[in-house]
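One structure is given below, encoded as C-alpha cells.
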There are 2 protein chains.
Amino acid sequence: MTESVWFGKPKSGGGQHPGLSRELIVRKAVEMLDEHGLGALSMRKLAAQLGAAPMSLYWHVPTKDALLELALDHPFSELEPVDEGVTWDVAARGLMHSMRMIALRHPWWVKLVGSYMTVGPNAVAMADGMLKVMRDAGMSVVEASRSSSALSSFVIGFVGAEVNFNANGAVDQIDVSKLHSLYAEKFPYYAETMAEAELWSVDKQFDFGLECVVAGIRASVGALR
Amino acid sequence: MTESVWFGKPKSGGGQHPGLSRELIVRKAVEMLDEHGLGALSMRKLAAQLGAAPMSLYWHVPTKDALLELALDHPFSELEPVDEGVTWDVAARGLMHSMRMIALRHPWWVKLVGSYMTVGPNAVAMADGMLKVMRDAGMSVVEASRSSSALSSFVIGFVGAEVNFNANGAVDQIDVSKLHSLYAEKFPYYAETMAEAELWSVDKQFDFGLECVVAGIRASVGALR
DNA sequence: TCCGTTCTCGTACGGTGTAAGTTGCTCGTA
DNA sequence: TACGAGCAACTTACACCGTACGAGAACGGA
C-alpha cells in the first residue's frame with residue numbers, strides 16, 4: 001500500500017544479501033495467481049517458487065492480505081491510457097473495455113476487487129484519468145463521480161459473472177443442464193432464455209450493457225461539451 | 001443444488017435419530033455468516049453451534065463449497081415479488097432495490113455471488129420473474145436477457161464496492177486519508193472527488209446508476225408496451 | 001432375532017497463516 | 001583490524017482448517 005515509504009526510507013546500513021524484495025514477491029505472486037488461481041496461492045508455495053523459506057516473506061510484507069492487496073493493484077497498470085482529445089464516452093468505452101480485458105486475463109483479480117479497497121497507485125491513477133475526462137467534458141464533481149461509479153460498477157459486476165461462469169460453468173455443465181430441464185416448467189422464461197443463450201456473443205452482451213450505462217449518463221447529465 | 005433429489009428420494013427405512021438436516025445446517029450457516037462474516041465460518045464452528053461433531057455435517061452436505069452454494073441461494077428468498085400490472089422499469093427498480101437490501105443485510109452474500117454459480121431455486125425464481133416482466137413488455141428473448149444482465153451486473157458491482165467499503169473503509173480510514181494527502185498533487189481529480197465524497201448519499205449514487213441503466217435500456221430496446 | 005439402512009462420531013492427515021526467536025551477513029565507525 | 005548495530009534470512013512451533021476413512025449406534029422390516 002504505502003510504496004512511498006519504501007522509496008522514502010532506503011535505511012542505509014548493513015544487511016544480508018537481500019535477494020528478496022517486496023516488488024519481486026508481488027510480481028511472483030501475480031504470476032502464480034495467473035497460472036493456478038486464487039485458491040492455489042499460499043505463502044509456502046510462493047516462498048518455494050522464490051527459493052526462500054516461508055517466513056522470509058514476512059519481512060517484506062506484513063500479512064498475506066496485504067500481499068493480495070498489493071497484487072490487486074498490479075493489473076491496473078495494464079490499462080491502456082485514454083487518448084487525448086476524445087469525447088468522454090469514447091474514453092469511457094475504451095477504459096471499460098480495457099478493464100474487462102484485465103479481468104479476463106487475471107480471473108483472480110475480479111474477486112479481489114470485491115474484497116479489498118482499491119487505493120493502490122495504479123487503481124487511483126485510472127480513477128483519476130476517468131474523472132479528468134468527465135470533468136473536462138463539463139460534468140460537475142458529483143456527476144463525474146457518479147458516472148464513473150456507475151460505469152465501473154457495471155463492468156465489475158459483469159466480468160465477475162463472466163469469469164465465474166468461465167470457471168464453474170463448464171465444469172458443472174452436466175448438472176446445470178439437468179437443473180434446467182427440472183426448472184423447465186416451473187420457470188419458463190428462464191428456460192426459454194437458457195435454451196438460446198449458448199448461441200449469443202458475450203462481447204455483444206457486454207457492449208449492450210455498457211452502451212446502456214453510457215446512454216443513461218448522457219441523458220442524466222446536464223451540459224456536456 | 002439438487003434439492004429435488006432430496007424430496008424425490010425419501011428412502012424409506014430405518015435410521016438413527018436424525019437431529020440434523022441439510023436445511024437446518026444451511027439455516028444455521030446463514031445465521032453465523034450474518035453475525036460473524038465469511039471468514040469466521042468453519043465447519044467445526046458450525047458443527048459446534050449445532051451441538052454436533054464436525055464430521056456429522058458431511059453426511060448432509062458433500063463439501064463446504066456446496067454448503068456455501070446452498071447458503072448463497074437462501075437470501076434470494078427475501079426478494080419482494082414484483083407487483084402485477086406495473087411497467088417493466090418499475091418492476092426492475094423494485095427488484096434491484098430489493099437486491100441491494102439483501103446485500104446490505106448479508107455482506108457475505110455479495111462475495112459468494114461472484115464465486116459460485118447462482119442456479120439455486122430462489123435465484124432462478126428471481127431471474128425468471130425479471131425476464132417475465134420484460135418479455136411481457138414486448139422485449140425479445142435476447143433483449144430481455146441482456147437487459148436483466150445489465151441491471152444485475154450493475155447492482156452486484158455497486159453493492160460489492162459498497163459492502164467492501166463498509167467493511168474495510170472505516171478501519172483503514174486513517175491510512176486512506178494519509179494516502180489521499182499523498183496522492184493530492186499527483187491525482188488532483190481523484191483528490192477533488194474524495195474531498196467532497198463524504199457528504200454524498202450512497203442511496204442517491206445507487207439510484208443515479210440504476211436510472212442510467214434503465215434509461216439506457218429504454219433507449220436501446222425497440223418496442224416497449 | 002437378525003439384517004440392512006441411516007445417521008453420528010472419533011481419529012488422523014496434510015495443509016494453512018503467522019508469532020517468536022535464532023543466526024549470519026555486511027556495514028560504519030573506532 | 002576489531003567491533004557492535006542493524007538488516008534479512010532461517011527454524012521451530014502453534015492453532016486451526018477441510019475432510020478421508022472407518023467404526024459404531026439406533027432404528028425399521030423380515
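Residue numbers begin at 1 in each chain, while the letters A, B, ... track the order of the sequences.
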| query | Under 4.0 angstrom, heavy atoms only, what part of the nucleic acid is B:Ser56 near: base, sugar-phosphate, or nothing? | reply | base
| message | Return whichever of A:Pro62 or B:Gly51 has its heavy-atom-nearest nucleotide of DNA chain C closer to the 5' end. | response | B:Gly51
| B:Ser21 vs A:Lys45, nearer the 5' end of DNA chain C by closest nucleotide | B:Ser21
Nearest listed nucleotide, side chain of [X], among [options]:
X: A:Ala53; options: D:dT11, D:dT19, C:dT16; value: D:dT11
X: A:Lys64; options: C:dT18, D:dG18, C:dT11; value: C:dT18
X: B:Thr63; options: D:dT19, D:dC10, C:dT18; value: D:dT19
X: B:Ser42; options: D:dC17, D:dC21, D:dT11; value: D:dC17

| field | Inter-residue atom distance A:Leu72.CG - A:Trp108.CH2, 0.5 Å rounding | value | 7.0 Å
| query | Roughly how far, to the nearest 0.5 Å, is CG of A:Asp128 from CE of B:Met194? | reply | 10.5 Å
Rounded to whole Å, how long is the line connecting atom [atom1] of [X] with atom [atom2] of [N]?
X: B:Leu67; N: D:dT19; atom1: CG; atom2: C1'; result: 14 Å
X: A:Trp59; N: C:dA20; atom1: CH2; atom2: P; result: 15 Å
X: B:Leu41; N: D:dC16; atom1: CG; atom2: C1'; result: 14 Å
X: B:Leu57; N: D:dG18; atom1: CG; atom2: C1'; result: 11 Å
X: B:Met43; N: C:dG15; atom1: CE; atom2: P; result: 20 Å
X: B:Tyr58; N: C:dG10; atom1: OH; atom2: C1'; result: 15 Å
X: B:Leu50; N: C:dC7; atom1: CG; atom2: P; result: 16 Å

| Does any non-hydrogen side-chain atom of B:Met32 lie less than 4.5 Å from one of B:Leu46? | yes
| Got a donor-acceptor pair under 3.5 Å from the side chain of A:Arg44 to the base of C:dG15? | no
| query | Going through the checks in order, is the ring-ring contact (aromatic ring centres under 6.0 Å, His included) test met by B:Tyr189 and B:Tyr183? | reply | CA-CA 10 Å; B:Tyr189 295 93; B:Tyr183 289 164; over 10 Å; no
| message | Under a 4.0 Å threshold between the charged nitrogen and the carboxylate oxygen, would A:Asp203 count as salt-bridged to A:Arg100? | response | yes
